[in-house]
Each structure stands twice: as C-alpha cells, then as structure tokens.
There are 2 protein chains.
Amino acid sequence: MKLEKITNDKARRYHDACGAAHGLDLVGDRWALLVMRELMLGPRRFGDLRRDLCGVSANVLTQRLEGLEASGLVRKRKLAPPASVQVYEATEWGLEIEPVFMVLGRWAARSPSHDPTLPLSAVSLMLSFKTMFDPRLAGEARMTLGFVLGEDRMAVRVADGRLEAWRGEPKGAEVVVTAAPPLVAAAVHGKAPPEALDGMRVAGDAAVFERFVGFFHMPPKAETAGAQVAGSEP
Amino acid sequence: MKLEKITNDKARRYHDACGAAHGLDLVGDRWALLVMRELMLGPRRFGDLRRDLCGVSANVLTQRLEGLEASGLVRKRKLAPPASVQVYEATEWGLEIEPVFMVLGRWAARSPSHDPTLPLSAVSLMLSFKTMFDPRLAGEARMTLGFVLGEDRMAVRVADGRLEAWRGEPKGAEVVVTAAPPLVAAAVHGKAPPEALDGMRVAGDAAVFERFVGFFHMPPKAETAGAQVAGSEP
DNA sequence: CGGCATCCGGGAAGATACTG
DNA sequence: CAGTATCTTCCCGGATGCCG
C-alpha cells in the first residue's frame, strides 16, 4: 500500500507571481533542470538518465520524474513491441525550455570557476554546440557531421546559418568523430588541436571538422572583480 | 566567536562541465536566483531584499549573499556619507544574468499553474515589462512613464523599439501610475480595464498608458497535455 | 535488470528569538 | 536595521530490498 505521501502540495514554493519564480517552482528542485536537459534530444530510459546525470540517486530521480510529469513537462511512454521499454520524454511545452539552457549556459561559461574538463553528457555536448554556434562565422556553409560518443550516436547538420542536432545514426555524414564528450568539447570550444587530444578519432573528411570548429567561439571570462583593495572607485 | 563552518566548500555541486549545470552551481541554491533578480535594477539594502523576497528568512538571505559574493556575482558596498548605509549590488558579470529571467519567465508564463495574482515585487514588474515587450507592437512609439509602487518609484522609457526601466523618480513622465505591482500587472499583461482595478490611479495622460498596455502580449498557455484518453485530438 | 519503495544520516531551509 | 544564534523540519544522498 502506498501512502501517497499527501502528494506534497509543495508549501516549499515561492509565493511569487514573477515568471522566473514560477519557473523555479517548476524546475528549481535539485536535478530537475538537468533531467529536462537530458530529455531535450528525445526520450530516454531511467537507467540512461541515471548514468548521464552523474551522481543522482535513484530515489531522487524517481521523485523528479514524478514531479515533472505532474507539472506537465514530462510524459511517461511505453515503446511499441518488441522494444516494450518504458521511456520518459519531454512534452511539447517541456521542449520549449531549451532556450533556458542557451542563455544560462552562455552566461555561466563566463564564470572564472567553470571547469570544462569535468564529465559531460552527449546531450550536453550537442546543446553546447547550439549554444555557442555563431551564424556569422558559419556563413553559407552546409555540412553534416556524426559523433560517436560512447554508447550515444549523434548527428549535427549546419545549413542556412543554423545548426541542428539530433540523436541517431549519422548516415550521410561527411565526417564522423569518435571520442568522449569532454574531448570533443576541448576540440570545438577549447580549439585544442586534434592531434593533441589522445583518444579522439576523426574518420572521413577531416577538413570538414576543422571548418566546423571555426563556427564557435567562447565568450570571454568575466572579470574576477579584482582584489577589493582600499583603492578608490572611479 | 564564529565557527566559520569550514566555509562549506560545497560538495553539493553538480560535477558536470555543462554550462547550465555550472550555472546551477552558481545560482541554483534556493532563493539565489531571486536575490539576483532583486539586484537587476540597482543596489538594495538587506531589509529591502528581505521584504521583497516574500518569505525568505534572515539567515538564508545572509548565506546567499555571502555565497553570491564569493562567486563574484554580488558586491557589498557602503554608500557615501551622509547615507552611510551598506548595500548589495550585482557585479558587471552578475548583471549579465538578466536574459535568464527573460527566457525563464517567458517560458514559465505558459504554465497552466501560473498564478499572476500572487505578490509581485517592483523589480519583478519592471522585468516582466522587459520580458513581454514586443517591439513590433510598439513601432516608432516614444513615451516615458512613471510607476509608484508602494515605497518604490520606477521609470520606464519606450523608444526606438526598445524598453528601458530603472529605479528613480519619474520626472518628465507623461503619465504616472500608482498601484500595487500585481494590479499594474493585471492591467498591462492581463489587459484588465483600469476602471476595474480598484486601487489603481493613473495621473497625467491616461491615453499614453493605454497605448503602453498595447505593447505587450502574453504567450498562450501550454496544452495541459489533456487526459491521454483514446479520444481524437482536433 | 529496470523501476520504484523504504529506511537512515547529514545538512540545508524555515521560523523565531536575540544582539550590536 | 542588519544581521547572528538556535531549534525544528524536511530535502537530499546513499544503501537496501521488492517486484515485474
């Protein structure tokens, strides 16, 4: 018998009409926003979420998925046989949270304390592409790339000054990059030379990947505000 | 004697290179993002923050301000005599978090569970203007409005298809609106007729305020995902 | 094994009282 | 007014176990 735990009407809500405050009511709990992140590129299984959300415990993940489902951001679905596995997917409205990752990520990338060598999920890498992509640098370029990131296969298409990313086999890709996500990020965002990245493999037209790297640029780091010495302020 | 409590190195961090995850490391603690919100329009005093952040307790507010200061998002400053009061202000980089409120607020406004009748701070109201302002609706309009929101005096200027808001006396304003923030929000975002809003006073050229209201529109509510009945969707 | 419930320890958040 | 100290509540994280 389950106790329903009073469904937790969440007295733990901000009592604020501000849209941002209500956004935090929806995805402000720990891990909630990162769960949505992992769903941005399509449905995922419980175990896959748990593996990519490095450090989340099973019970918390269960709670978040329940809460997000109750809020209408996530839907539980069962794939058709013979797969017959249960997956979680973002609803249409849930998918529209994507711009939050762009602006939050772009802003946080300027943090002096940001460490790009930490683990990175395959979805995060794709979202980082969409975040840091600069249409002016891409110009009229058209290309399709494949990424093999451990278990995950992703595809990226640049065309008409826009970048699209999706989960799936990179068929027809001009180049396929195989590496762990942090390595790819070091190459694309950190502009590290591929030969310096041990473990990264570039199959196909390497020049395409080199051009691709040129379509991104990181924002400059924020001032550390210096030492707050007794010096006068202008 | 203070114990320094080991300064809390925050093992409570996501260990993730994703920019959004690091953003949550910075402003993901409860109340942290709303503290930044209140600082978006200039320095504030501790007591004022506590009043506008409806429900925050003093010790938590102290912790957040300390943490945000340690991260370089907030600076503690003492106003020059004769004021000589201590205020908290956002750093230059801290101010750049503003777009997060826009996209998060616009997204959350579509939530079926959003209640616009809840309390609203003066800063939140100004940010809601910047969030929902539509340049195409404003066209070539130019106007200056004043808002008297309890203790807070705010000014808004529309010009060149852009909207600016700042704290200060609305001198030179064509119209001055006096009301509690939720009432103003009901008029501007909810398109409620001024005469239906008991307690709102419009001094000066009321037609200017009426035009102003036309510059905003709320995004449609998200589908409640309906009951996943077998029924057909229109 | 994947999904989910239960129990427990530590610590963050909430509320109140107190101090300079 | 601007915090600090203290106590309580409850969330988060980890471990274990049930069940399809």
Side-chain angles (χ1 to χ4, degrees), chain A residues 1-16 21 24-25 27-35 43-70 74-79 81 83-89 151, chain B residues 1-16 24-25 27-35 38 43-69 74 76-79 82-89 151:
Chain A
M1 175 184 68
K2 37 170 57 180
L3 267 204
E4 292 299 336
K5 60 167 42 175
I6 319 176
T7 67
N8 194 356
D9 271 323
K10 300 290 186 182
R12 198 58 149 251
R13 295 293 176 217
Y14 303 104
H15 218 247
D16 195 319
L24 293 176
D25 287 341
V27 294
D29 284 342
R30 190 162 168 78
W31 293 108
L33 192 63
L34 299 188
V35 170
R44 308 291 302 278
R45 301 184 56 168
F46 187 93
D48 295 331
L49 291 174
R50 194 171 174 208
R51 188 172 339 101
D52 282 344
L53 261 28
C54 185
V56 72
S57 59
N59 50 8
V60 172
L61 182 53
T62 299
Q63 287 175 15
R64 289 307 161 266
L65 288 168
E66 283 174 354
L68 293 170
E69 188 179 10
V74 166
R75 197 183 297 131
K76 199 188 293 191
R77 197 157 61 90
K78 191 151 194 164
L79 294 184
S84 294
V85 294
Q86 180 181 265
V87 292
Y88 298 88
E89 68 178 0
E151 297 290 299
Chain B
M1 176 181 68
K2 38 170 57 178
L3 267 204
E4 293 298 340
K5 61 166 40 176
I6 320 176
T7 69
N8 194 356
D9 271 324
K10 301 286 187 184
R12 197 57 152 260
R13 294 295 177 215
Y14 302 105
H15 218 248
D16 196 318
L24 294 176
D25 287 341
V27 294
D29 284 342
R30 190 161 168 78
W31 294 107
L33 192 63
L34 300 188
V35 170
E38 289 303 316
R44 309 291 302 275
R45 302 181 56 167
F46 187 93
D48 295 330
L49 290 174
R50 196 172 173 207
R51 188 174 343 100
D52 282 345
L53 261 28
C54 185
V56 72
S57 58
N59 50 9
V60 171
L61 182 54
T62 299
Q63 287 176 9
R64 289 304 163 270
L65 288 168
E66 283 173 353
L68 294 170
E69 187 178 11
V74 165
K76 199 188 292 192
R77 197 158 61 90
K78 191 149 194 163
L79 293 184
S84 294
V85 293
Q86 179 181 266
V87 293
Y88 297 88
E89 68 178 359
E151 298 289 300

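All heavy atoms count here, side chains included; hydrogens, waters and symmetry mates do not. By convention in this document, chain letters (A, B, ...) are assigned in the order of the sequence lines, proteins followed by strands, and residues within each chain are numbered from 1.
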Nearest to the side chain of [X], which nucleotide is it out of [options]?
| X | options | value |
| --- | --- | --- |
| A/R45 | C/dA13, C/dG3, C/dA5 | C/dG3 |
| B/F46 | D/dG14, C/dG3, D/dG3 | D/dG3 |
| A/Q86 | D/dA2, D/dC12, C/dG3 | C/dG3 |
| B/A58 | D/dT4, C/dG14, D/dG13 | D/dT4 |
| B/W31 | D/dC12, C/dG14, C/dG3 | C/dG14 |
| A/N59 | C/dC4, D/dA15, C/dG14 | D/dA15 |

Q.
Below 30° counts as parallel, above 60° as perpendicular, anything between as tilted: where do the rings of A/W31 and B/Y14 land?
A.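 Rings of A/W31 and B/Y14: perpendicular, over 60°.
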Q. Between B/R50 and B/V60, who's closer to the 5' end of DNA chain C by nearest nucleotide?
A. B/V60
Q: Using a cut-off of strictly less than 4.0 Å, decide whether B/R30 has a side-chain nitrogen or oxygen near OP1 or OP2 of D/dC11.
A: no
(Q) Any side-chain N or O of A/Y88 below 4.0 angstrom from OP1/OP2 of C/dG2? (A) no
Atom-to-atom span, [atom1] of [X] to [atom2] of [N] - whole angstrom:
| X | N | atom1 | atom2 | answer |
| --- | --- | --- | --- | --- |
| A/L65 | C/dC4 | CG | P | 8 Å |
| B/Q63 | D/dT4 | CD | C1' | 11 Å |
| A/Y14 | C/dA13 | OH | P | 9 Å |
| B/E66 | C/dA12 | CD | P | 13 Å |
| A/R13 | D/dC11 | CZ | P | 10 Å |
| A/L79 | C/dG3 | CG | C1' | 15 Å |
| B/L49 | D/dA2 | CG | P | 9 Å |
| B/R44 | D/dA2 | CZ | P | 11 Å |

Q: Could you tell me whether B/K76 contacts a base, only the sugar-phosphate backbone, or nothing, with contacts defined as non-hydrogen atoms closer than 4.0 Å?
A: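 It contacts nothing in the nucleic acid.
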Q: Determine, step by step, whether B/L65 and B/F46 satisfy the side-chain contact (heavy atoms from CB on, under 4.5 Å) criterion, reporting the C-alpha distance in whole Å, the side-chain angles of both residues, the deciding distance to 0.1 Å, and the verdict.
A: CA-CA 9 Å; B/L65 288 168; B/F46 187 93; 3.9 Å; yes
**Q.** Result of checking B/R50, B/R45, B/R44, B/R51 against B/D48 for side-chain hydrogen bond (donor to acceptor under 3.5 Å, both in side chains)
**A.**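 When side-chain hydrogen bond (donor to acceptor under 3.5 Å, both in side chains) is applied between B/D48 and each of B/R50, B/R45, B/R44, B/R51, only B/R51 qualifies.
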Q: Please round to the nearest 0.5 Å and tell me the distance separating atom CG of A/D16 and atom CG of B/L53.
A: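 A/D16 CG to B/L53 CG: 8.0 Å, rounded to 0.5 Å.
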Q: Find the distance between CG (A/L33) and CG (A/L24) and round it off to the nearest 0.5 Å.
A: 9.0 Å
